[in-house]
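Numbers here simply count residues along the sequence, with the first being 1.
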Amino acid sequence: MSAQARTTRKQAAYEYIKKKILSCMYEPGVVMNEQTLCDELELSRTPVRDALSRLEQEGLVNIMPKKGFMVTALKLGDINHIYEVRLLLEPYALRRYGRRLDREELVRLRELMEKQAAVESSVSGQYDLDDSFHDFIMRAVNNRYLMDTYENIKDLNLRVRVLSGSRVENRLSDTFREHVEIIDACLREDWEGAAQAMTKHLENARLAAFPLLIGDEVEL
């Protein structure tokens, strides 16, 4: 087998496993067998082990010698830290760089958000739309250091959003309604109002994520 073919297999294994983890098809805390993955991917152990090693470096799995691997669990501290960073970055992005946002794209996104707010079931395309909205806001930022920080937490944050969107009643529809509020403020060029609406949206998302770990009975 050529070196290029080996690299391709390693990359394919990495992307497949990572997608399963981020979409929570492999749920946080689940213990899995390496051979099961090899059978699922129809690959040898070498590319699978390489993929798992990369994912361990990214904090998405813990490799347990002779036992397999565990998808990294979500902890209350992780959720708080993720949203602490987002609450610093995204409202600031609107205040400082909101004027760089394309108005036509804002209008297009608003139409999509209104449609999705009426959808009761959770579908994968909704998470893609949620991602594209926040990415659109952050792409206006003309500061690569801020963008690097944002990119570093995106993957970790996706698992939180998928779980809260699928398990917390009405969270996805509420998410899209909150997006509309942010967009409306942007269209009015009310950047402080947009930043405040983003802060409210992120705080609501954080509160929706807490019951995943501490139970619905706990007062937040």
Side-chain angles (χ1 to χ4, degrees), residues 1 4-83 85-86 116 119-136 138 148-169 171-173 175-176 205-206 208-215:
M1 183 187 300
Q4 183 178 357
R6 286 194 295 271
T7 300
T8 299
R9 292 192 175 195
K10 289 178 181 179
Q11 185 64 24
Y14 167 77
E15 291 176 358
Y16 178 88
I17 299 168
K18 185 172 183 176
K19 183 177 180 180
K20 291 279 191 174
I21 292 172
L22 296 182
S23 65
C24 294
M25 295 184 74
Y26 298 158
E27 290 200 358
V30 69
V31 176
M32 299 188 66
N33 182 277
E34 186 181 284
Q35 185 58 51
T36 301
L37 266 185
C38 294
D39 295 341
E40 189 173 328
L41 285 159
E42 298 183 349
L43 290 174
S44 66
R45 289 181 180 269
T46 299
V48 170
R49 285 177 176 171
D50 182 84
L52 290 174
S53 178
R54 289 176 64 184
L55 292 167
E56 185 174 45
Q57 292 175 13
E58 294 176 16
L60 291 174
V61 303
N62 293 318
I63 297 174
M64 302 179 295
K66 299 182 180 180
K67 294 182 180 179
F69 69 95
M70 181 180 72
V71 177
T72 304
L74 290 171
K75 300 177 182 178
L76 189 60
D78 295 331
I79 292 176
N80 271 323
H81 292 160
I82 288 168
Y83 279 99
V85 173
R86 294 189 68 191
Q116 291 302 320
V119 176
E120 295 182 359
S121 60
S122 169
V123 295
S124 60
Q126 291 178 316
Y127 300 113
D128 293 338
L129 179 58
D130 189 14
D131 263 346
S132 68
F133 172 71
H134 289 279
D135 286 351
F136 169 68
M138 290 304 298
D148 286 347
T149 302
Y150 174 73
E151 291 295 332
N152 284 340
I153 65 166
K154 271 183 63 177
D155 288 346
L156 298 174
N157 184 68
L158 177 57
R159 292 202 298 163
V160 176
R161 288 192 296 108
V162 170
L163 285 176
S164 59
S166 62
R167 295 181 182 177
V168 179
E169 186 177 2
R171 182 57 212 153
L172 267 176
S173 57
T175 289
F176 293 116
R206 176 161 63 175
F210 284 168
L212 302 175
L213 301 179
I214 60 180

Quiz prompt | D130 side, atom CG; T175 side, atom OG1 - distance, nearest 0.5 Å | solution = 6.0 Å

Self-check item: Between CZ on residue R49 and OG1 on residue T46, distance to nearest 0.5 Å
Solution: 7.0 Å

Self-check item: Spacing of T8 atom OG1 and K10 atom NZ [to the nearest 0.5 Å]
Solution: 11.0 Å

Exercise. Grab the two heavy atoms, one from S44 and one from V48, that are nearest each other, plus how far apart they are.
Key: O-CG2, 3.6 Å

Self-check item: Under 3.5 Å: donor-acceptor pair, side chain of N152, backbone of D148
Solution: yes

Practice problem: Apply side-chain contact (heavy atoms from CB on, under 4.5 Å) to the pair Y26 and V61, showing each step before the final yes or no. | Solution: CA-CA 10 Å; Y26 298 158; V61 303; over 6 Å; no

Practice problem: Using the test side chain to side chain donor-acceptor pair (under 3.5 Å), find all partners of E56 that sit at least two apart in sequence or belong to another chain. | Solution: none

Exercise. Give the C-alpha distance, both sets of side-chain angles, the deciding distance and a yes or no for side-chain contact (heavy atoms from CB on, under 4.5 Å) between L60 and K18.
Key: CA-CA 8 Å; L60 291 174; K18 185 172 183 176; 4.2 Å; yes

Exercise. Check L52 against F69 and note the closest heavy-atom contact, atom names and distance.
Key: CD1-CD2, 3.8 Å

Quiz item: R159 and I21: which non-hydrogen atoms are nearest, and at how many Å?
Solution: CD-O, 3.3 Å

Quiz item: Looking at L55 and Y14, what are the two nearest heavy atoms and their distance?
Solution: CD2-CE1, 3.7 Å

Quiz item: Listed by chain and number, what are the side chain to side chain donor-acceptor pair (under 3.5 Å) partners of E151, not counting sequence neighbours?
Solution: none

Practice problem: Of all the heavy-atom pairs spanning M70 and G29, show the shortest one and how long it is. | Solution: CG-O, 3.6 Å

Practice problem: Drop me the distance from N80's CG to K75's NZ, to the nearest 0.5 angstrom. | Solution: 13.5 Å

Quiz item: Excluding sequence neighbours, so at least two apart, what forms salt bridge (Lys or Arg N to Asp or Glu O under 4.0 Å) with R54?
Solution: none

Self-check item: Gap separating the CG atom of L41 from the CZ atom of R9, nearest 0.5 angstrom
Solution: 11.0 Å

Practice problem: Show your reasoning for whether side-chain contact (heavy atoms from CB on, under 4.5 Å) applies to Y83 and N157. | Solution: CA-CA 8 Å; Y83 279 99; N157 184 68; 3.7 Å; yes

Practice problem: Would you check if I153 and R86 make a side-chain contact, meaning some heavy-atom pair closer than 4.5 Å? | Solution: yes

Self-check item: Close side-chain approach of M32 and K20, heavy atoms under 4.5 Å
Solution: no

Self-check item: Carboxylate-amine/guanidinium contact K154 D131, below 4.0 Å
Solution: no

Quiz item: For S53 and Q57, what are the C-alpha separation, side-chain angles and deciding distance, and is it a side-chain contact (heavy atoms from CB on, under 4.5 Å)?
Solution: CA-CA 6 Å; S53 178; Q57 292 175 13; 4.0 Å; yes

Practice problem: Of all the heavy-atom pairs spanning P28 and A73, show the shortest one and how long it is. | Solution: CB-CA, 4.0 Å

